[in-house]
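Right, one structure below, let's go through it.
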Amino acid sequence: MKTGSASTSIVVDSLSILQRLVAFRPISSSSNLPLIDFCVQRLREAGIVAHTVSSPCGRKAALYATIGPDVPGGVALSGHTDVVPTDGQTWMSDPWTVVERSGTLYGRGTSDMLGFVSLCLAAAPAYASRPLRRPLHLAFSYDEETDCAGGKQLVERLKAKLATPTLVIVGEPTSQSVVLGHKSYTELRITAKGAAVHSSRPDLGASALTAAARTIAYIGDLQNTLASDKKRQDSRFSPPFSTLNCGIFHSGTAPSTVAAEAVFSVDIRTVPSVSPDDLISKIRSFAATLCERPTFEGGSTCDFSVDVVTAIPGLTPSLTSNARTFVERLNLLVSEKTISGGTEAGLFQAAGWPTIVCGPGDLQRAHVADEFITIQELEAYAVLLKGIADELCTD
């Protein structure tokens, strides 16, 4: 593999690190401890002390480390260590082995976002050798691809242990452009419970499937209302309205049996002017009316539970003057660019830390077969990391 930038050594190192990270197969359903142990060892070899934050089950861990003085200011580089599975996808090569073809690196997580993590680890020794006047923090989470439990736990620990940095950079793939905002993300699990009977006498039971379908239809109507309400739209986002999506549905045991249970998911992404709690309240209120209304007059009714699986705050386009100046000194264009996908950036901002999203790779390549990142993209981001180090060495 060849590189040709001024940060060649960092890029070359990152390539071997990326191979190791992908080979761990760090899907969210598996333990990430072997990967975290590898990261801790890499940092230890550079004389950097890394701290781990264990998950409640003990099978996973987040990591954070500080390079330089323990003072306010500086920069935190944050990324997640988990990736999505490859089930049902057809790849040209083994997704768990990084393969280079014409300067392009294929493998699960190369773009989202093990490429970023590999660069951070490769650059760490160079940071440790510099006379930093302000700190550089590394923060790697787990389970970002599911419920962001690792990010929530990590941010809580960082808030208690570290002085506020000037800027947090979440390295999600943005083609190295600065993203200042994204929608909030909430996932619901809705369960309807009815009474199973033979389908020849549906009047004696209560169809959970029918009740769930009515709720899904209501959610579709709610989505249409949001899409047409110009007053609650935000042109900075695409689409400019809040969205609701029912992505998973399970119900029924046989065609001749009235379904006793139905379970489905709801994905809610809101613009700043819309509260996800308001939408959840509307869904709960509608479900409550179905609990009072039997399918057949005088018959049984269904019970509903609406559970929040995870809730991640949005990232609001707002930077302190110091953070904006720092970004501009890195020759990054500060605009009002936003994305519709959620990240852990909202967690850092909610903790009071100025935050942007800016990483190598492209989000459109994430979660798909033949995911890739280019060596040229790694080279460009290595130059950015060097620029960050230069800035942290100044007063």
Side-chain angles (χ1 to χ4, degrees), residues 78 80 112-113 144-145 147-148 151-152 155 167-188 216 218-247 265-286 306 308-324 327-328 332-359 361-364 366-367:
S78 175
H80 61 81
D112 182 22
M113 57 186 299
E144 190 274 348
E145 298 290 5
D147 59 4
C148 286
K152 293 175 181 178
V155 170
L167 180 69
V168 177
I169 301 176
V170 176
E172 291 280 2
T174 66
S175 300
Q176 203 165 312
S177 59
V178 175
V179 169
L180 296 182
H182 62 68
K183 296 178 180 180
S184 72
Y185 173 76
T186 304
E187 181 186 342
L188 305 181
I216 291 172
Y218 169 77
I219 291 170
D221 292 339
L222 188 56
Q223 169 68 96
N224 291 336
T225 299
L226 290 168
S228 60
D229 186 354
K230 302 298 183 182
K231 293 181 179 179
R232 305 183 77 185
Q233 294 187 5
D234 192 324
S235 61
R236 295 173 297 184
F237 297 89
S238 181
F241 49 83
S242 300
T243 60
L244 300 97
N245 175 65
C246 299
S265 67
V266 183
D267 167 312
I268 302 174
R269 300 174 189 267
T270 61
V271 297
S273 61
V274 176
S275 166
D277 291 338
D278 178 55
L279 299 180
I280 296 170
S281 179
K282 290 179 184 296
I283 293 170
R284 284 189 168 130
S285 294
F286 180 84
V306 180
V308 177
V309 176
T310 189
I312 308 299
L315 177 66
T316 303
S318 62
L319 282 180
T320 64
S321 59
N322 286 343
R324 183 174 290 270
V327 171
E328 291 173 344
L332 293 172
L333 177 62
V334 180
S335 65
E336 291 298 300
K337 183 173 181 177
T338 63
I339 55 176
S340 293
T343 76
E344 292 174 333
L347 297 173
F348 286 101
Q349 187 179 69
W353 292 7
T355 306
I356 64 172
V357 184
C358 179
D362 192 318
L363 193 59
Q364 298 304 313
H367 300 193

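Each residue takes its place number in the sequence, starting with 1. Just so we're clear, the structure is a prediction, and the values are computed from it rather than from any experiment.
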### Query
Under the side-chain hydrogen bond (donor to acceptor under 3.5 Å, both in side chains) criterion, do Ser177 and Lys337 qualify, and how do the steps go?
CA-CA 9 Å; Ser177 59; Lys337 183 173 181 177; 2.9 Å; yes

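- To the nearest 0.5 Å, atom NE2 of residue His182 and atom CD of residue Glu172 are 8.5 Å apart.
- Nearest approach of Ser78 to Glu344, heavy atoms of both residues: OG-OE1, 4.3 Å.
- If you run side-chain contact (heavy atoms from CB on, under 4.5 Å) between Ile268 and each of Asp277, Val274, Leu188, only Leu188 comes through.
- Here the NZ-OG1 distance, from Lys282 to Thr225, works out to 8.5 Å after rounding to the nearest 0.5 Å.
- Here Leu332 contributes atom CG and Ile356 contributes atom CD1; the two are 6.5 Å apart, rounded to the nearest 0.5 Å.
- Side-chain contact annotation: Thr310 with Lys152, donor-acceptor N/O pair under 3.5 Å present.
- In summary, Lys231 and Asp229 do not engage in a salt bridge, as defined by a charged side-chain N under 4.0 Å from a carboxylate O.
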### Task
Given salt bridge (charged side-chain N to carboxylate O under 4.0 Å, His left out), test Arg232 with Asp278 step by step and report yes or no.
CA-CA 13 Å; Arg232 305 183 77 185; Asp278 178 55; 3.8 Å; yes

### Task
Apply side-chain contact (heavy atoms from CB on, under 4.5 Å) to the pair Met113 and Glu144, showing each step before the final yes or no.
CA-CA 11 Å; Met113 57 186 299; Glu144 190 274 348; over 6 Å; no

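- Judged by distance alone, with hydrogens and angles left aside, the side-chain atoms of Thr174 form a donor-acceptor pair with the main-chain N or O of Gly359 at under 3.5 Å.
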### Task
Before giving the answer on side-chain contact (heavy atoms from CB on, under 4.5 Å), spell out for Leu167 and Val327 the whole-Å C-alpha distance, their side-chain angles and the decisive distance to 0.1 Å.
CA-CA 8 Å; Leu167 180 69; Val327 171; 3.6 Å; yes

### Message
For a side-chain contact (heavy atoms from CB on, under 4.5 Å) check, start with the C-alpha distance between Asp147 and Glu187, then their side-chain angles and the critical distance, and finish with the verdict.
### Response
CA-CA 8 Å; Asp147 59 4; Glu187 181 186 342; over 6 Å; no

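- Rounded to the nearest 0.5 angstrom, Trp353 CH2 and Thr320 OG1 are separated by 13.5 Å.
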